[in-house]
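All values below were derived from every heavy atom in this structure, side-chain atoms included, with hydrogens, water molecules and symmetry-related copies excluded. Quick caveat: nothing in here was measured; it's all calculated off a predicted structure.
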Amino acid sequence: FGDITTGPSNDLQVATGLARAMVTRWGMSDAIGPVAVESDNPRYQNEEGLPPAVANTIGEEVKMIMTTALATANRVLTEKREVLDAIANKLIEVETLEQDEYNALIMSHGIKPRTKEAEEIK
């Protein structure tokens, strides 16, 4: 709606935590490389802390992941605005949608629903 609110604060915290884990635990960063610089297990933590340059790089990588995700979300929501509005209007009308109703609604806007079988193949 064009307003900035505090509503998504928990979503941002969770997403930021996942982005940080991607970089520091799961080796999903070209800049850091395929290494775990942090761990869920305190026994494997670097007690001396990370060098400032590494901490800076981690911060930049997390910011890049979050910025890219935001741009992707904005693009998808903009491209699919018509179906998003249709879903919202239907939910205002009926309050809940069953899976079949939801699938029919998005299919009427040219979107093929994901199936469990297709996801398992990936």
Side-chain angles (χ1 to χ4, degrees):
F1 297 108
D3 294 333
I4 295 176
T5 69
T6 59
S9 65
N10 183 263
D11 296 337
L12 287 172
Q13 289 173 11
V14 170
T16 301
L18 285 171
R20 184 172 178 84
M22 290 169 66
V23 173
T24 62
R25 295 181 186 166
W26 304 327
M28 300 173 78
S29 161
D30 291 336
I32 299 294
V35 296
V37 294
E38 290 182 358
S39 170
D40 287 332
N41 187 337
R43 188 171 73 172
Y44 296 111
Q45 287 286 21
N46 180 354
E47 293 180 16
E48 299 169 357
L50 297 171
V54 174
N56 245 4
T57 302
I58 290 169
E60 289 300 317
E61 287 290 284
V62 169
K63 182 178 178 183
M64 188 262 314
I65 290 169
M66 295 295 290
T67 302
T68 301
L70 177 61
T72 300
N74 281 329
R75 179 183 51 78
V76 170
L77 291 173
T78 300
E79 289 173 3
K80 305 298 184 187
R81 181 61 192 250
E82 186 177 308
V83 71
L84 179 64
D85 288 342
I87 292 167
N89 289 331
K90 188 67 175 176
L91 287 171
I92 290 169
E93 179 186 323
V94 298
E95 197 169 313
T96 59
L97 286 174
E98 297 297 325
Q99 186 70 49
D100 291 341
E101 296 169 311
Y102 172 80
N103 288 346
L105 185 59
I106 66 171
M107 286 172 59
S108 72
H109 287 85
I111 298 173
K112 184 178 178 184
R114 291 185 178 175
T115 62
K116 194 173 193 177
E117 294 80 25
E119 290 299 312
E120 289 172 359
I121 293 172
K122 287 183 182 178

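Glu60 and Asn56 form no side-chain donor-acceptor contact under 3.5 Å, judged by distance and modelled atom types alone.
Hydrophobic clustering of Ile, Leu, Val, Met, Phe, Trp and Tyr side chains at less than 4.5 Å, counting indirect connections, keeps Leu97 apart from Ile92. Under the 4.5 Å side-chain heavy-atom criterion for grouping Ile, Leu, Val, Met, Phe, Trp and Tyr, Met28 is connected to Val35 within one hydrophobic cluster. Note on Leu84 and Met107: separate hydrophobic clusters, where clusters join Ile, Leu, Val, Met, Phe, Trp and Tyr whose side-chain heavy atoms are under 4.5 Å apart, directly or indirectly. Linking ILVMFWY residues whenever their side-chain heavy atoms come closer than 4.5 Å, directly or via other members, places Val94 and Leu105 in the same cluster. With hydrophobic clusters built from ILVMFWY side chains whose heavy atoms lie under 4.5 angstrom apart, Leu12 does not share a cluster with Val76.
With values rounded to the nearest 0.5 angstrom, Thr16 atom OG1 is found 8.0 Å from Gln13 atom CD. Taking OG of Ser29 as the reference point, atom CD1 of Ile65 lies at 6.5 Å (rounded to 0.5 Å). Of the inter-residue distances, the one linking Arg20 atom CZ with Met66 atom CE reads 13.0 Å to the nearest 0.5 angstrom.
Between Leu18 and Trp26, the closest side-chain pair of non-hydrogen atoms falls below 4.5 Å. Using a 4.5 Å heavy-atom cutoff, the side chains of Glu93 and Lys90 are in contact. Between Thr24 and Ile32, the closest side-chain pair of non-hydrogen atoms is not below 4.5 Å.
Here the shortest heavy-atom pairing between Glu101 and Thr96 reads OE1-O, 4.3 Å.
Evaluation of the salt bridge (Lys or Arg N to Asp or Glu O under 4.0 Å) test over residues 66-80, restricted to residues two or more places apart or in two chains, returns Arg75-Glu79.
Partners of Thr57 under the side chain to side chain donor-acceptor pair (under 3.5 Å) rule, at least two apart in sequence or in another chain, do not exist in this structure. Taking Glu95 as the reference, nothing meets the salt bridge (charged side-chain N to carboxylate O under 4.0 Å, His left out) condition, with sequence neighbours excluded.
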When you look at Ile106 and Ile87, which way does the side chain to side chain contact (heavy atoms under 4.5 Å, CB included) test go after all the steps?
CA-CA 8 Å; Ile106 66 171; Ile87 292 167; 4.0 Å; yes
Stepwise, does the side chain to side chain contact (heavy atoms under 4.5 Å, CB included) test hold for Thr68 with Met64?
CA-CA 6 Å; Thr68 301; Met64 188 262 314; 3.9 Å; yes
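No more than 12 heavy-atom neighbours from other residues, nucleotides or ligands sit within 6.0 angstrom of CG on Asp30.
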